[in-house]
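Single-structure report; data block below.
Counting starts at 1 for both ligands and their atoms, in listed order.
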Amino acid sequence: MSDAAVNLYSDTQTLPSEGMREAMVNAEVGDEQRGLDPTVNELQARVAELLGHEAGLFLPSGTMCNQIAIRLHIRPLGDELYAHRSAHPIVAEAGGAAAIAGAMICGLEGAGGIFSAAELEAALRDPADRHQPRSRLVTVEQTTNLGGGRVWPRTAIDEVLAVARRHSLRTHLDGARLLNASVASGESPASYADGFDTAWIDFSKGLGAPVGACLVGSRELIEEAWRYKQMLGGAMRQAGIVAAGALWALDNNVERLAEDHANARALAAGLAGIDGVAIDPATVETNLVYFEVADPARLVERLAADGIETSVLGDRVRAVTHLDVDRDGVERAVRAVAASLG
Ligand SMILES: *Cc1c(COP(=O)(O)O)cnc(C)c1O
């Protein structure tokens, strides 16, 4: 076919741009495990500052950020972790929270991947009852992935953190798309990460870098996190090559996330006008667009034949905008969905 493919499969599909590749090629590097890679050190300091925490730790993936953080907070003595039941560590990390940290998991309900403070409080255990697991950790996903790219309002976070403090829980922020939330709402990344024991951002999603994520927390927690980084094989060598891509992304690819959000809104508005598509465009706050059709698998297959990549998640179709999808691509996708269902 003559038209280029439109890849709405995920914001992980972005390819490193020329400028990013150039920054990577020219990166100053050293032995990261010994703290001697200047580019990794710069990235860690930069992300710690961006999120308002003392220290940062560069890791190969967001999944490893979640897993190390969970291992840091959970003691393998039946400690319980609270998260929305659609949260990434529950649905997409191969059961690592159980295998690596020995966590009990309690999944919470709530529209759009957002649970309320009351929902959390009602789920917590009685610490005086030795029959029950010990409540230990609550995690928040900003933005919510399976929840539809929704932005946790700072007030909702405050309420959850207040419950956590009252019950002496540890707190963790999965910020795979935290910068999408900040760009969409105008709330700073540091404000969103404030009050959490650990938080992280991903470079390989909408920021457009090929590899990497950075976990932040207190100096003490990050020092301890280094042990798990070593243990899990996340300690690298001349990792500045990839860290340079992440730094370049922070300099060049953050504000532009607003374009992805505008494209996602345009996509949602276009889809809402098609018979046979169920979507509420008002729920599209960032770059993730979920919609329902009678036969999601068949639609995804037909779109793929038209060069439009999407995916089926549960009983919905997901289309994700990112820096390699422009307005033209979004309009083509809307036309293709209309033609497929027509
Ligand atoms: C993608 C994602 C992760 C995992 O990040 P990777 O870098 O792909 O390992 C964790 N949490 C959420 C919400 C995600 O969307």
Numbered atoms and elements of ligand 1 in range of E141, under 4.0 angstrom, heavy atoms: 13 (C)
If you measure from CG on L341 to CZ on R302, what distance do you get to the nearest 0.5 Å? 8.0 Å
Any heavy-atom pair between the side chains of D194 and L161 that's under 4.5 Å? no
If you count the atoms of ligand 1 from 1 in the order shown, which ones are under 4.0 Å from a heavy atom of D202? 5 (O), 6 (P), 7 (O)
Quick check on the 6.0 Å ring-centre criterion: do F58 and W200 meet it? no
Atom indices of ligand 1, in the order listed, that fall short of 4.0 Å to a heavy atom of A176: 2 (C), 11 (N), 12 (C), 13 (C), 14 (C), 15 (O)
Per-atom contacts of ligand 1 with T63, taking only distances under 4.0 Å to non-hydrogen atoms: 4 (C), 5 (O), 6 (P), 9 (O)
Do any N or O atoms from the side chain of S135 and from the backbone of R125 form a donor-acceptor pair under 3.5 angstrom? yes
Any donor and acceptor pair, going by atom type alone, linking the side chain of N287 with main-chain N or O of T321 inside 3.5 Å? yes
Going by the order shown, which atoms of ligand 1 are within less than 4.0 Å of some heavy atom of G62? 4 (C), 5 (O), 6 (P), 7 (O), 9 (O)
Considering only non-hydrogen protein atoms, determine which one is nearest to atom 11 (N) of ligand 1 and report residue, atom name and distance to 0.1 Å. D174 OD2, 2.6 Å
For Q132, does the CD atom have more than 12 heavy-atom neighbours from other residues, nucleotides or ligands under 6.0 Å away? yes
Among non-hydrogen protein atoms, atom 14 (C) of ligand 1 lies closest to K205 NZ, 2.9 Å
